[in-house]
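Have a look at the structure that comes next, please.
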Amino acid sequence: MKRFSKVLGALAVTVGLLAGPAAAEKFVVGFQPYDTISYQAIINAELGLWKKYTPAGTEIEFHPAVQGTVVASNMRANRAQIGYMSIMPAVTLCVRAKGDVKMVSTTDMSEGTRCSLLLVRKDAPEFKSNEELARWLDGKIIAAPKGSASDQYMRRFFKKYNVKPAEYLNQTIEVISTNFRAGTLDAASLWEPTLSELASEVGEGVGRIVADGSACDNKDLGIVVMRKDFMEKYPKVAEGYLRSDLEAQLFMLNPDNWEKVIEMVSGYATGVPKRVLWYSVFGKVPANTTNPVREWMNFYFGDREKANIAEVVAFLHQEGVINTDKLPEGTVDDSLTRKVFKESGYKPAAPEAALGMIKGASASECPFKD
């Protein structure tokens, strides 16, 4: 079984671009194997893409975490220099780090089909509208991992539809999974692929997906963050890593690679069936009947991504999670990402997304049966 932590020795290429430190330098990438925003980090680790672009002598370790808040904690303590996380923990991290951490690129974005999903117990009634769903949620026991993008979604859903749960519990994805199987939760919000593992489409069927981010205009945005001191001291490592991340995203967007992607991810997201891993990123969300796009990849920050960041900052300030309604100056900085994109020679795939989009497929199209 693969080890979660991969220590990969780098080989030098393109000497002019990759002139680097004589002594070996080691850096850590924090990622979440049980979150689809980190699938490209796994691709990068498994294919060793970063080896082609970082300076000679560089070593990179890929360290897993179950939640973005854990990656954020490691970033603040300088136990990780690069991190993958959703927008809510990324904003909270950057505010609390007081300018020491930057948002440098995006992993993916959706209309709320990755983290902004609502699961109800399997015997819940069929809901004809979000308002009907909201009234059923009144007086129910609901959970989400607090501080996550799923928590943000539940807060916004409660506010829009004036939901008054009996209890709103702070639980990890593992505890939520256990409690759904035991029948002690009425509803929960959590992210892919754990959500699809519990749901009825390809999973265990202990719950049903009944709403996504479109219910309260709550988009999902994945962010790559880097420590500012790391970028300043090791600019070629930062640039090289972003170039490898671009290649990983393009690899993931190609349908010819989808089975390979899941084979790689399954070595890290242990215990999750491959059919669930596939559906969690390439399958169509059943609650969304109008939009086939599961997610888009823009790599750098476009207008939609910037608008979403501003919305989340305002929301977290209003909710008392952060003490300011503005990010530290220079926090959102994709200048290096745009440089990498331009120098790669790749041309924007479409006005909606620089790299491309993943359109959700039906569960019947999944190539995995286990």
Mark yes or no: R156 above the aromatic ring of F315, with NZ or CZ under 6.0 Å from the six-membered ring centre and no more than 45 degrees from the axis.
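Flagged: R156 positioned over aromatic ring of F315.
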Any link between V237 and V28 through a network of hydrophobic side chains (Ile, Leu, Val, Met, Phe, Trp, Tyr) touching at under 4.5 Å?
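They do not share one cluster, since no chain of ILVMFWY contacts under 4.5 Å joins V237 to V28.
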Restricting to non-hydrogen atoms, name the atom on A353 and the atom on W296 that form the minimum distance, rounded to 0.1 Å.
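Smallest heavy-atom distance, with atoms named: CB-CB, 3.8 Å.
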Is there a path of hydrophobic side-chain contacts, each under 4.5 Å between heavy atoms of I, L, V, M, F, W or Y residues, that connects L47 with V281?
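Yes, it is one cluster - the side chains of L47 and V281 are joined through contacts under 4.5 Å.
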Students often mix this up, so state it plainly: with edges at 30° and 60°, are the rings of F62 and Y241 parallel, tilted or perpendicular?
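Rings of F62 and Y241: tilted, 30 to 60°.
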Salt bridge or not between D370 and R275? Use side-chain N to carboxylate O under 4.0 Å.
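Result for this pair is no, no salt bridge flagged.
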D220 side chain vs C115 backbone, donor-acceptor pair below 3.5 Å
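A pair under 3.5 Å: yes.
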Heavy-atom check, side chain of L221 versus side chain of S86, under 4.5 Å
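L221 vs S86: side chains apart.
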For K219, which of E295, E305, E111 qualifies under salt bridge (charged side-chain N to carboxylate O under 4.0 Å, His left out)?
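Only match with K219 under salt bridge (charged side-chain N to carboxylate O under 4.0 Å, His left out): E111.
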W278 (side chain) donor-acceptor with F368 (main chain) under 3.5 angstrom:
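Not a single qualifying donor-acceptor pair exists.
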Spacing of I60 atom CD1 and S244 atom OG [to the nearest 0.5 Å]:
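That separation rounds to 6.5 Å.
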R121 side chain to L185 backbone, donor-acceptor under 3.5 Å:
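Absent.
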For the residue pair K284 and Y279, would you count it as a cation-pi contact if the rule is NZ or CZ under 6.0 angstrom from the ring centre and within 45 degrees of the ring axis?
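No, K284 does not sit over the ring of Y279.
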Same apolar cluster (I L V M F W Y, side chains within < 4.5 Å links), M264/I37:
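No, it is not one cluster - the side chains of M264 and I37 are not joined through contacts under 4.5 Å.
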Does any N or O in the side chain of S110 come within less than 3.5 Å of the main-chain N or O of T113, such that one atom is a donor and the other an acceptor?
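Yes; judged by distance alone, with no hydrogens or angles, the pair exists.
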Side chain proximity check, P145 to D151, heavy atoms < 4.5 angstrom:
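Side-chain contact under 4.5 Å: no.
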Indicate, with yes or no, if V70 and V101 share a hydrophobic cluster defined by side-chain heavy-atom contacts under 4.5 Å among Ile, Leu, Val, Met, Phe, Trp and Tyr.
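Different clusters: V101 never reaches V70 through Ile, Leu, Val, Met, Phe, Trp or Tyr contacts under 4.5 Å.
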Check: L190 and F180 side chains under 4.5 Å, non-hydrogen atoms:
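They are not in side-chain contact.
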When rounded to the nearest 0.5 angstrom, what is the spacing between CG in D108 and CE in M297?
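So the gap between those two atoms works out to 5.5 Å.
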Distance-only, no hydrogens or angles: does the D138 side chain make a donor-acceptor pair with backbone N or O of K164 under 3.5 Å?
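Yes: the side chain of D138 pairs with the backbone of K164.
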Under-4.0 Å salt bridge between D229 and K233:
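Here D229 does not pair with K233 in a salt bridge, since their nearest N and O are not under 4.0 Å apart.
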Quick check: does any side chain N or O of S189 sit under 3.5 Å from a backbone N or O of L117, one acting as donor and the other as acceptor?
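The answer is yes, because a donor-acceptor pair under 3.5 Å joins these two groups.
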Could you check whether K260 pairs with E263 (Lys NZ or Arg NE/NH1/NH2 to Asp/Glu carboxylate O, under 4.0 Å)?
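E263 and K260: not salt-bridged.
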Is the shortest distance from a Lys or Arg side-chain nitrogen in R227 or E232 to a carboxylate oxygen in the other one below 4.0 Å?
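No.
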Taking the side chain as every heavy atom from C-beta outward, state whether Q40 and Y84 have any atom pair closer than 4.5 Å.
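They are in contact (side-chain heavy atoms under 4.5 Å apart), so the answer is yes.
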Only one of D334, T107, T106 forms a side chain to side chain contact (heavy atoms under 4.5 Å, CB included) with V224, so which one is it?
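Of the listed options, the one satisfying the test is T107.
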Mark yes or no for whether S200, through its side chain, and R208, through its backbone, hold a donor-acceptor pair below 3.5 Å.
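Not confirmed, S200 side chain does not pair with R208 backbone.
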Given the side-chain rings of F27 and F230, with only the six-membered ring counted for Trp, is the space between their centroids under 6.0 Å?
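Yes, they do, as the ring centres are separated by less than 6.0 Å.
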Do the non-hydrogen side-chain atoms of V95 and N323 ever get within less than 4.5 Å of each other?
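Touching, per the 4.5 Å side-chain cut-off.
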Just by modelled atom types, is the T69 backbone N or O under 3.5 Å from a matching donor or acceptor in the S73 side chain?
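Not a single qualifying donor-acceptor pair exists.
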Look only at the side chain of T54 and the backbone of W50, and say whether a donor-acceptor pair between them is shorter than 3.5 Å.
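Looks like yes, one N/O pair under 3.5 Å.
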Just checking, any donor-acceptor pair under 3.5 angstrom between side chains of S129 and E132?
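Absent: no donor and acceptor within the cut-off.
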Is a donor on one side and an acceptor on the other found under 3.5 Å between the side chain of T92 and the backbone of M88?
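It does hold such a pair.
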Thinking salt bridges, do K306 and D303 make one under a 4.0 Å N-O criterion?
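Looking at K306 and D303, the cut-off is not met.
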Taking the side chain as C-beta and beyond, is there a heavy-atom pair between N218 and F157 under 4.5 Å?
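In short, these two side chains do not touch, never coming nearer than 4.5 Å.
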Just say parallel, tilted or perpendicular for the rings of Y300 and F341, cut-offs at 30° and 60°.
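Y300 and F341: perpendicular rings.
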So, are E343 and K339 salt-bridged, with charged N and O less than 4.0 Å apart?
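Salt bridge: yes.
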Below 4.0 angstrom, N of the basic side chain to O of the carboxylate: do D333 and K102 qualify?
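Result for this pair is yes, salt bridge flagged.
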